Amino acid sequence: MTEAAVAPPARPPRQRIQRRALHGVLLLDKPLGLSSNDALQKAKWLLRAEKAGHTGTLDPLATGLLPLCFGAATKFSQLSLDADKRYLATLALGIRTTTGDAEGEVLERRDVGHLAPEQIEAACRAFTGEIDQMPPMYSALKHEGRALYEYAREGVEIERKSRRVTIHAIDIVAMHPGTVTLDVRCTKGTYIRTLAEDIGAALGCGASLAALRRTGSGGLTLEGSVTLAQLEALPDEARAALLASPDCLLADAPELRLDRADAVRFLSGLRRRVDAPDAERVRVYGPEPRAFLGSAHITAGELIADRLLTPPEVQALLSA
């Protein structure tokens, strides 16, 4: 008689996370080694949020500011995507790699002991202003539905078109043997690893990106940011309290306040006559101090809505 098979113990039922409607922006200090989407999903899980999105990717090897939008704030995420950026970039001088950063295989090493600070400063100045950049193969840029880095890993080179970007300023923060750390302020879409390689080529020694940290996006900085570890250590309600109002994404735009009647009409999408100068973008508020209603532009004295919150979203922000 064979011994009866012993059934494994039953697994406890998986607890279902109760999602909630949250509206605001979390200034996340993204850790090293995590993709932007992985960081977003982790934060979304910790906050039990229903709807979330990030405002532009950071490579896994990059750290720093990653604004995460929840609920109503996702309506304004494009503003952060389009905003100027600021980075601390550490260049490994004399080292060229397959990917242009520390993740790739080393292609060449050259001695850089002869480089003078004045040469590095001159090379940085040469890349200030409007420049043309060739997107790197190791990037998330799509070709026929696939990211370029997928082709690169297969050894396939795809023809790319250069793109025009603006480097507002490059300041040298620190110099050490073999490395230089730069404070870079630039427009969206600038590839810092390409900038590192181009500076290295101008110096005649080659260079790659050893480390990258984003310190600013539009009017947002790392001040007040939180790490995933800090977020996880907080109790549930304290996590939600970290969210900034969605209007922080429009901090650089002028403010316009409406009375109650005009606020109701504005939220319904109606154009309003206002006594204000033309503006490409304004932040619009109701009569209550924190009653953010949405974004708009002003043309010929007419206020025209761009992105609107719903009345329930406005009320949720007022009650937060």
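Just so you know, residue 1 is the first one in the sequence shown, and it goes up from there. These numbers come from a predicted model, not from an experiment.
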So, [X] side chain and [Y] main chain: donor-acceptor pair closer than 3.5 Å or not?
X	Y	answer
Thr97	Gly104	no
Arg214	Leu212	no
Thr194	Pro135	no
Arg86	Thr215	no
His23	Ala72	yes

Is any side-chain heavy atom of [Y] closer than 4.5 Å to one of [X]?
X	Y	result
Leu303	Leu258	yes
Ile120	Leu93	yes
Thr63	Lys30	no
Lys44	Arg19	yes
Glu150	Ile158	no

Partners meeting salt bridge (charged side-chain N to carboxylate O under 4.0 Å, His left out) with [X] (sequence neighbours left out):
X	result
Asp59	Arg193
Glu255	Arg257
Glu154	Arg146

Non-neighbouring partners of Phe127 that pass ring-ring contact (aromatic ring centres under 6.0 Å, His included), sequence neighbours left out =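 Counting only residues at least two positions away or on another chain, Phe127 forms no ring-ring contact (aromatic ring centres under 6.0 Å, His included).
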Hphob cluster co-occupancy, [X] + [Y], side-chain heavy atoms under 4.5 angstrom:
X	Y	answer
Leu318	Phe266	yes
Leu243	Leu28	yes
Leu65	Leu182	no
Leu88	Val184	no

Check step by step if side chain to side chain contact (heavy atoms under 4.5 Å, CB included) holds for Leu222 and Leu27.
-> CA-CA 7 Å; Leu222 280 167; Leu27 301 182; over 6 Å; no
Of the non-hydrogen atoms in Ala240 and Leu47, which two are nearest, and what is the gap between them?
->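 Taking every non-hydrogen atom into account, N-CD2, 3.7 Å.
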Closest heavy-atom contact between Ile199 and Ala123?
->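 Heavy atoms of Ile199 and Ala123 come nearest at CG2-CB, 4.2 Å.
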Residue list, side chain to side chain donor-acceptor pair (under 3.5 Å) with [X], at least two apart or on another chain:
X	answer
Ser217	Ser80
Lys51	none
Arg290	none
Ser35	Asp38

Residue pairs passing the ring pair (Phe, Tyr, Trp, His ring centres under 6.0 Å) test where at least one lies in residues 69-122, sequence neighbours excluded |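 For residues 69-122: Phe76-Phe292.
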Going by the side-chain hydrogen bond (donor to acceptor under 3.5 Å, both in side chains) test, which pairs reach into residues 119-137, not counting sequence neighbours?
->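 For residues 119-137: Glu130-Arg164, Asp132-Arg164.
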Leu91 and Thr179: side chain to side chain contact (heavy atoms under 4.5 Å, CB included), yes or no, with the steps?
-> CA-CA 5 Å; Leu91 278 57; Thr179 67; over 6 Å; no
Can you list, pair by pair, the side-chain donor-acceptor contacts under 3.5 Å of residues 166-177, counting residues two or more places apart and other chains?
| unit_1 | atom_1 | unit_2 | atom_2 | d |
| --- | --- | --- | --- | --- |
| His168 | NE2 | Asp84 | OD2 | 2.9 |
| Asp171 | OD2 | Arg185 | NH2 | 2.4 |

When you look at Leu209 and Thr99, which way does the side chain to side chain contact (heavy atoms under 4.5 Å, CB included) test go after all the steps?
-> CA-CA 9 Å; Leu209 193 61; Thr99 60; over 6 Å; no
Considering only NZ, NE, NH1 and NH2 on the basic side and carboxylate oxygens on the acidic side, decide whether Arg265 and Asp259 come within less than 4.0 Å.
->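 Not counted as a salt bridge, because no side-chain N and carboxylate O are separated by less than 4.0 Å.
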Would you mind telling me which of Thr55, Leu81, Leu79 makes a side chain to side chain contact (heavy atoms under 4.5 Å, CB included) with Pro67?
->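 Only match with Pro67 under side chain to side chain contact (heavy atoms under 4.5 Å, CB included): Thr55.
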If you count the non-hydrogen atoms of other residues, nucleotides and ligands that lie under 6.0 Å from CZ in Arg260, is the total more than 12?
->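 Open.
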Which donor-acceptor pairs under 3.5 Å do the side chains of residues 229-236 make with protein atoms, sequence neighbours left out?
| unit_1 | atom_1 | unit_2 | atom_2 | d |
| --- | --- | --- | --- | --- |
| Gln230 | OE1 | Thr227 | N | 2.9 |
| Gln230 | OE1 | Thr227 | OG1 | 3.3 |
| Asp236 | OD1 | Arg20 | NH2 | 3.2 |
| Asp236 | OD1 | Arg48 | NE | 3.4 |
| Asp236 | OD2 | Arg20 | NH1 | 3.1 |
| Asp236 | OD2 | Arg48 | NH2 | 2.9 |

